[in-house]
A.B. asks: 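Structure provided below as structure tokens; questions to follow.
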Protein chains: 2
Amino acid sequence: MAKSGKKSDAGKGAAAPRPFGGVRRATSYDVAKLAGVSQSAVSRCFAPGGSIAPATREKVMKAATELGYRPNALAQALITRRTNLVAVFISRLTNLHYPEVLAELSRQLTDRDIRVLLFALTAESEIDLLLEQVWRHDVDGIISAARLDDEQIAGIRRHGIPIVLYNRTAGEHLTPSVWCDSAAGERDLVDRLLAAGHRRFAVVAGPQDSAVGEERRLATLARLAEAGIHDVPVTRGDFSYASGREAVATLAGAATPPDAVVCVSDVMAIGAIDGCRFDLGLKVPEDVSVVGFDGSEPAGWMSYQVTSIRQPVRRMTAAAVEMLLERIEDPTLPAERRSFVGAFVPGQSARL
Amino acid sequence: MAKSGKKSDAGKGAAAPRPFGGVRRATSYDVAKLAGVSQSAVSRCFAPGGSIAPATREKVMKAATELGYRPNALAQALITRRTNLVAVFISRLTNLHYPEVLAELSRQLTDRDIRVLLFALTAESEIDLLLEQVWRHDVDGIISAARLDDEQIAGIRRHGIPIVLYNRTAGEHLTPSVWCDSAAGERDLVDRLLAAGHRRFAVVAGPQDSAVGEERRLATLARLAEAGIHDVPVTRGDFSYASGREAVATLAGAATPPDAVVCVSDVMAIGAIDGCRFDLGLKVPEDVSVVGFDGSEPAGWMSYQVTSIRQPVRRMTAAAVEMLLERIEDPTLPAERRSFVGAFVPGQSARL
DNA sequence: CTGTTAGCGCGTTCAC
DNA sequence: GTGAACGCGCTAACAG
């Protein structure tokens, strides 16, 4: 009976008439009063380069800890015009590669004392509505691993909010971005497949509006064309396991079934491998080679061991964060695109 | 030459001396002036139940759209004490089940016009430091799918910030939470395994500080004990694929190797299956049955088809959001725990 | 229904 | 080095 069990049901409806059910937080005025100084002195104590006498600082700090005072981020932001908030747009959070990206971005931003305002897009998300929220919240910058159209990019520019794109491209204008050079990766994979004697290729591409997907598809076809291989069948998926599996079923129906399937993502490659094995009764890699892209974790699991290209997520996210912070400090910095090449992952899903 | 290319390199260093490199946003005063009304009239126009004459409203709205005005969320929050911000704590974002949870939480909160302040915990995250940020930002509430200790929970309570735990428990005090009733699920799985004739059980558990992991371990062992099966070997993993794989290697070294392995998560079950097949040369489910828990997407892939229990993520996240919003509206609501039972997923990884 | 007034909590001049 | 005064952009009383 001594320690009151739950938080707020002592005496039924007779709850103490506290302002908001929460305790009023201490303000800099409260601290000032207790310390016997002015409010501005308190402010200077918590400012980076505030000129304050050691003695005063001590009094203030003592009072501050006593009251559990912390500067209110809202008031601070309202006046300094810095929220230390970065909006992160991310799509397909359930698609296995993005959680890793998000985790890294979050970690790196947190390390730099910046908070993440998350916008996880679903298929039906109205990006424009989300952007409204972004304006209203005065974020310092945006990192987008989601597709933005020209109109939206223009709006962001108009608002003067720095943005960095992650594995995305914006239409006309050059926009700061980090990019995994899929072209180099696909060329690498294709060359290895060619060297191992593969000739009957097929591509499992992504949706048309996916920049990375398209770059990968085009790079693959271009390299094959250079090698004299044309009319390569292409099936489009949506980066899902199911779509990869269905894709190979489609491709297998062709006159000359492929002996090498290039998938533009690991998850689709995994789907393709299962499709080959379970739907078509083919052996991978003996009967058909399958390669992917990304280097997601499940691609390394023993049952798949996807031959792939691993994106350097750590370095890419670090670059994105760095580029963004630079532009928050100095918005006049010109746009820039930083490309990274991925690393070949041998795997076992391709006969090389 | 007409359309200026990049944003800010026209004329080299001779960039126009704009305030912040960004355009100053229109304030309610600007709108008021343009519309020929008072600033408070503008405010009322954007307030839910503001009493305003249709004629005035029209004038204001016209001026507002012309200037691209939107109420500043910071100033608004400073005065109303409502930020429409919810902090979401989440751990192990790379562990396949959490991205789905996060995506759902984000979607549901966004639908209710609430923004997500993300705190993705890494192994070394100092939660107390993150909580500092939470105080400073005046979030309206917290949803935590990460472990919080008594001290931290007490701090949150002291600050009067509503919180809902997601598949976590807090020590002494009852804290609002949603929970997937793992006990019911594990009993279900064990019963089915027993009915199919399994007798030599083993458990791949989680870390000791994982509440769900422990509940699942204990429920499994309890049910087995009821059936007269004791001394069941237990190996602990960390919810990773690798740990599941290693676990079965360990278990196989015992005098009587198991014919049924109960893993407390799908990813570990996947690791266990691969361990059986590739390290031990066993057939799953012919030689040994493996069951998991969660219902993560990869568990359904053809190569694994894990027999498992699927958490009702949609309903659980919806409940979490609802409980939180209720408590934001009325902080005096008593703590409450809502449990959900998962659905059996037949799969093919257990001989049933 | 409207405008005036007073803050929300803080950073920042500017005299002292 | 310090404090008084002002303002960031807005909502909430209040009088008209």
A.B. asks: Whole angstroms only, please: what is the NZ-C1' distance between B/K33 and D/dG9?
C.D. replies: 14 Å

A.B. asks: In whole Å, what is the span from the CZ atom of B/R25 to the C1' atom of D/dC10?
C.D. replies: 12 Å

A.B. asks: Reckon B/V42 touches a base, only the sugar-phosphate, or nothing at all at heavy-atom distances under 4.0 Å?
C.D. replies: nothing

A.B. asks: To the nearest Å, give me how far apart CZ (B/F46) and C1' (D/dA12) are.
C.D. replies: 18 Å

A.B. asks: State, yes or no, whether a side-chain contact exists between B/V313 and B/Y166 at a heavy-atom distance under 4.5 Å.
C.D. replies: yes

A.B. asks: Please tell me if B/R81 has a side-chain N or O lying less than 4.0 Å from either OP1 or OP2 of C/dG9.
C.D. replies: yes

A.B. asks: More than 12 foreign heavy atoms under 6.0 Å from NZ of B/K33: is that the case here?
C.D. replies: no

A.B. asks: From C/dT13, C/dG3, C/dC10, pick the nucleotide closest to the side chain of A/Q39?
C.D. replies: C/dC10

A.B. asks: Calculate the interatomic distance between B/R82 atom CZ and D/dA12 atom P; express it in whole Å.
C.D. replies: 12 Å

A.B. asks: Is any side-chain N of the basic residue among B/R82 and B/E329 closer than 4.0 Å to the acidic one's carboxylate O?
C.D. replies: yes

A.B. asks: Quick check on B/E58: does its CD atom have over 12 non-hydrogen neighbours (other residues, nucleotides or ligands) under 6.0 Å away?
C.D. replies: no

A.B. asks: Out of D/dA12, D/dG1, C/dT2, which has the shortest distance to the side chain of A/S51?
C.D. replies: D/dG1

A.B. asks: Can you tell me how far P of D/dG1 sits from CZ of A/R44, to the nearest Å?
C.D. replies: 9 Å

A.B. asks: Measure across B/R25 and B/N72 and return the closest heavy-atom pair with its distance rounded to 0.1 Å.
C.D. replies: NH2-CA, 4.1 Å

A.B. asks: Please work out if B/T27 contacts a base, only the sugar-phosphate, or nothing of the nucleic acid, heavy-atom cut-off 4.0 Å.
C.D. replies: sugar-phosphate

A.B. asks: Does the ring of B/W179 carry B/R337 above it, NZ/CZ under 6.0 angstrom from centre and within 45° of its axis?
C.D. replies: yes

A.B. asks: Looking at B/S43, does any N or O in its side chain come under 4.0 Å of the phosphate oxygens OP1/OP2 on D/dT11?
C.D. replies: yes

A.B. asks: Please tell me which of B/G36 and A/Y29 maps to the more 5' nucleotide of DNA chain C, matching each residue to the nucleotide holding its nearest heavy atom.
C.D. replies: B/G36

A.B. asks: So do the side chains of B/Y98 and B/N167 get within less than 4.5 Å of each other, counting heavy atoms only?
C.D. replies: no

A.B. asks: For C/dG3, does either OP1 or OP2 sit under 4.0 Å from a side-chain N or O belonging to B/S40?
C.D. replies: no

A.B. asks: Using heavy atoms and a sub-4.0 Å distance, could you list which residues of residues 57-79 of chain A are near DNA chain D? By number, please.
C.D. replies: A/L78, A/I79

